[in-house]
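This report refers to the structure that appears directly beneath it.
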Amino acid sequence: MKIAIIGAGNVGGALGKALAKAGHYIIFGVRDPGKGKTQPPLAEIGAAASAVTVPDAARSADIIVLATPWPAVPDAIHAMGDLRGKVLIDCTNPLSISGDGSLSLSLGSTTSGAEEVERLATGAHVVKAFNTYGWENFADSAYPNAAGLKPVMFYCGDHDDAKGKVHQLAADIGFEPVDTGGLGMARSLEPLALLWIRLSIRGGRNANFTWARLTR
Ligand SMILES: NC(=O)c1ccc[n+]([C@@H]2O[C@H](COP(=O)([O-])OP(=O)(O)OC[C@H]3O[C@@H](n4cnc5c(N)ncnc54)[C@H](OP(=O)(O)O)[C@@H]3O)[C@@H](O)[C@H]2O)c1
């Protein structure tokens, strides 16, 4: 599949490399295609990737990964242009860091970042996914000593066809995809990201741990 990735930082770069390795063509949509964070993943992927402006990337693919910092989301969605009927995979987390360094979500409980993304991205089929782990696990999802277990990739959304595509992409890069329901389930998946960050970065563990399902 041809996949546009808006933002080529930690998450966009890691997903781009993993998806390219799985046989997909990656179009990074960035503010300055000629320089910055896009260059290392572009160089590593080679012929299976290109970098263009945000509107050009969004225009040229039917599947778009949104991987910008939360405060940039309204601008990035606006720059993408007409998103009607496109699959928009929301990897963002509405993180907020207060003056004392404590971490929280800037919205949630009665709504979620994904629902806000859906409100801004008129007509797009939004699927929340690739938000509950650090990018290290997107770059390489293999846990060779885990007795055959794969890390789960929770996702949610209101459009079955879009969720089917995201399910396939998650499986392509080594996850066990788990459909958690409608887009409102992002109200649970975004706090799960906060839990992961608190345990790993703030809790002194390294980034290489994930959730796994022990029974079917
Ligand atoms: N870091 C993680 O492990 C992780 C894991 C799961 C989810 N997330 C979420 O994923 C998102 C991205 O995180 P990250 O760590 O990848 O961030 P990052 O490394 O800072 O990369 C952000 C990317 O977004 C681009 N960007 C910024 N403002 C933009 C705009 N207005 N329009 C288009 N592109 C813009 C940046 O491009 P420029 O070079 O032009 O600034 C950069 O390529 C965040 O919402 C985060 O909460 C992060």
Side-chain angles (χ1 to χ4, degrees), residues 1 3-16 19 26-31 53-97 103-135 138 153-170 177-197:
M1 287 192 255
I3 301 166
I5 301 183
I6 309 303
N10 295 315
V11 170
L15 283 175
L19 289 165
I26 307 302
I27 305 161
F28 289 110
V30 291
R31 291 184 289 191
T53 63
V54 172
D56 284 348
R59 225 185 340 265
S60 33
D62 290 328
I63 299 185
I64 304 169
V65 175
L66 178 60
T68 65
W70 177 249
V73 163
D75 276 356
I77 290 179
H78 180 71
M80 281 187 242
D82 185 4
L83 293 171
R84 277 172 296 179
K86 303 219 180 213
V87 177
L88 183 59
I89 306 175
D90 173 28
C91 310
T92 67
N93 282 308
L95 295 179
S96 162
I97 302 179
L103 200 60
S104 61
L105 296 176
S106 58
L107 52 80
S109 176
T110 57
T111 185
S112 62
E115 289 162 279
E116 181 65 10
V117 164
E118 185 183 52
R119 191 182 67 73
L120 293 167
T122 306
H125 298 173
V126 178
V127 180
K128 186 94 205 177
F130 303 111
N131 74 301
T132 51
Y133 305 129
W135 62 270
F138 307 148
M153 179 51 66
F154 296 119
Y155 64 90
C156 65
D158 293 331
H159 298 268
D160 287 342
D161 190 51
K163 287 205 287 190
K165 294 193 170 97
V166 175
H167 187 104
Q168 185 58 54
L169 293 179
V178 175
D179 182 356
T180 62
L183 197 65
M185 279 300 287
R187 297 176 194 185
S188 297
L189 297 188
E190 290 166 9
L192 194 55
L194 204 52
L195 173 65
W196 189 93
I197 295 167

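Computed from a predicted structure; not experimentally measured.
The distance from atom CZ of Phe138 to atom CG of Asn10, rounded to the nearest 0.5 Å, is 10.5 Å. Here the straight-line distance linking atom OG1 of Thr132 with atom CG of Leu194 works out to 12.5 Å at 0.5 Å rounding. A distance of 9.0 Å separates OG1 of Thr111 from CZ of Arg119, quoted to the nearest 0.5 Å.
In this structure, Leu169 and Ile3 have side chains that are in contact, with non-hydrogen atoms separated by less than 4.5 Å. Within the 4.5 Å cutoff, side-chain heavy atoms of Met153 are placed close to those of Tyr133. The shortest side-chain heavy-atom distance between Ile6 and Met80 falls under the 4.5 Å cut-off. Annotation: side chain of Ile5 is in contact with side chain of Ile26 (closest heavy-atom distance under 4.5 Å). At a threshold of 4.5 Å between non-hydrogen side-chain atoms, the residues Glu118 and Leu183 count as touching. A 4.5 Å side-chain heavy-atom check between Cys156 and Leu189 finds at least one atom pair inside the cut-off.
Here the closest heavy-atom approach between residue Ala114 and residue Asp90 is recorded as CA-OD2, 3.3 Å. The two atoms that bring Ala162 and Val87 nearest to each other are CB-CG2, 3.8 Å, heavy atoms only.
Pro69 is linked by a side chain to side chain contact (heavy atoms under 4.5 Å, CB included) to Pro71, Ala72, counting only residues two or more places apart in sequence or in another chain. Not counting sequence neighbours, Thr68 has no partner by the side-chain hydrogen bond (donor to acceptor under 3.5 Å, both in side chains) test. Partners of Asp160 by salt bridge (charged side-chain N to carboxylate O under 4.0 Å, His left out), not counting sequence neighbours: none found. By the salt bridge (charged side-chain N to carboxylate O under 4.0 Å, His left out) test, Asp82 is found to be paired with Arg84, residues two or more places apart in sequence or in another chain being considered. Under the salt bridge (charged side-chain N to carboxylate O under 4.0 Å, His left out) criterion, Asp75 pairs with no residue, sequence neighbours left out. Judged as a side chain to side chain contact (heavy atoms under 4.5 Å, CB included), and not counting sequence neighbours, the contacts of Leu195 are Leu192, Leu199, Trp211. Every residue two or more places apart in sequence or in another chain that forms a side chain to side chain contact (heavy atoms under 4.5 Å, CB included) with Pro94 is listed here: Trp70, Leu105, Ser106, Leu107, Glu190. Considering only residues two or more places apart in sequence or on other chains, Ser112 meets the side-chain hydrogen bond (donor to acceptor under 3.5 Å, both in side chains) condition with Glu115. By the side-chain hydrogen bond (donor to acceptor under 3.5 Å, both in side chains) test, His167 is found to be paired with Tyr155, residues two or more places apart in sequence or in another chain being considered. Looking at residues two or more places apart in sequence or on another chain, you find a side chain to side chain contact (heavy atoms under 4.5 Å, CB included) between Ala121 and Ile77, Leu83, Leu88, Ala124. Partners of Lys165 by side-chain hydrogen bond (donor to acceptor under 3.5 Å, both in side chains), not counting sequence neighbours, listed by chain and number: Asp161.
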Can I get a per-line list of side-chain donor-acceptor pairs under 3.5 Å for residues 54-67, giving both atom names and the distance, sequence neighbours left out?
| residue | atom | partner | partner atom | Å |
| --- | --- | --- | --- | --- |
| Asp56 | OD1 | Arg59 | NH2 | 2.3 |
| Asp56 | OD2 | Thr53 | OG1 | 3.3 |
| Ser60 | OG | Asp56 | O | 2.6 |
| Ser60 | OG | Ala57 | O | 3.2 |

- Item | Leu120 vs Val73, side-chain contact (heavy atoms from CB on, under 4.5 Å): CA-CA, chis, key distance, verdict | CA-CA 9 Å; Leu120 293 167; Val73 163; 4.2 Å; yes
